[in-house]
Amino acid sequence: MHYCLVVFIFSWLTLGIVPIVWYHRTSARMGGELKYRQIDYSFDAADFWLWNVLGSLIVVGPFIYLYKRMKAMNLINADYNEKG
């Protein structure tokens, strides 16, 4: 599902549940792709729950999650550009 559709339509209809499910699923999917491509980097849905949700209590947790997410995506993209 497209991110704009999630945020602008389903987010307020479901009181914020759909974005949580969306982030969980995309994080798990990225973690699976890292394992499939045999990239040595730790990222999974657990990072979403630990850094983005629980880490929000220490304020910097969501920023760490975004950093890990962007790094994982960059690694996947670099591998795709190299190997296809």
Side-chain angles (χ1 to χ4, degrees):
M1 188 178 305
H2 195 272
Y3 182 74
C4 291
L5 190 65
V6 168
V7 170
F8 295 124
I9 295 178
F10 293 116
S11 177
W12 65 274
L13 284 175
T14 61
L15 303 175
I17 294 173
V18 169
I20 292 171
V21 171
W22 187 82
Y23 273 112
H24 171 83
R25 292 184 71 191
T26 56
S27 296
R29 192 170 176 186
M30 287 171 60
E33 190 66 23
L34 287 168
K35 288 177 187 170
Y36 173 75
R37 292 183 175 271
Q38 298 174 348
I39 299 171
D40 189 29
Y41 186 70
S42 175
F43 184 80
D44 203 357
D47 289 310
F48 166 70
W49 290 106
L50 292 174
W51 286 114
N52 200 34
V53 176
L54 292 176
S56 64
L57 297 174
I58 60 170
V59 180
V60 295
F63 296 110
I64 295 171
Y65 168 72
L66 286 175
Y67 172 78
K68 288 179 68 79
R69 182 180 174 93
M70 285 187 275
K71 184 170 181 177
M73 199 67 226
N74 285 334
L75 290 170
I76 292 170
N77 289 336
D79 187 69
Y80 179 79
N81 288 335
E82 183 181 317
K83 299 175 186 172

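- Partners of D79 according to the side chain to side chain donor-acceptor pair (under 3.5 Å) rule, which considers only residues two or more places apart in sequence or in another chain, are R37, K83.
- Applying the side-chain hydrogen bond (donor to acceptor under 3.5 Å, both in side chains) test to every pair with at least one member in residues 39-51, sequence neighbours left out, gives these pairs: H24-W49.
- Side-chain atoms of S11 do not come within 3.5 Å of backbone N or O of F8 as any donor-acceptor pair.
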Using distance only, find each side-chain donor-acceptor pair of residues 57-66 under 3.5 Å and give its atom names and separation, not counting sequence neighbours.
residue, atom, partner, partner atom, Å
Y65, OH, S27, OG, 2.7
Y65, OH, R69, NH1, 3.0

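- In this structure, CE on M30 lies 9.0 Å from CG on L75, to the nearest 0.5 angstrom.
- Cluster note: L54 groups with L50 through ILVMFWY side-chain heavy atoms spaced under 4.5 Å, whether in direct contact or through intervening members.
- Under a 4.5 Å side-chain heavy-atom cut-off, the cluster of Ile, Leu, Val, Met, Phe, Trp and Tyr residues that includes I17 is completed by V21.
- Every residue meeting the ring-ring contact (aromatic ring centres under 6.0 Å, His included) condition with Y3, not counting sequence neighbours, appears here in chain and number order: W22.
- Between L34 and I76 the shortest heavy-atom distance is CD2-CG1, 3.6 Å.
- Hydrophobic clustering (side-chain heavy atoms under 4.5 Å, transitive across Ile, Leu, Val, Met, Phe, Trp, Tyr) groups I39 together with M73.
- The structure places CD1 of I9 at 11.5 Å from NE2 of H2, a figure rounded to the nearest 0.5 Å.
- Tracing side-chain contacts under 4.5 Å through hydrophobic residues (I, L, V, M, F, W, Y), one reaches F43 starting from M70; they form part of the same cluster.
- Atom NZ of K68 sits about 14.5 Å away from atom CZ of F48, to the nearest 0.5 Å.
- Placement of Y23 and L15 in two distinct hydrophobic clusters is found when ILVMFWY residues are connected by side-chain heavy-atom separations under 4.5 Å, directly or transitively.
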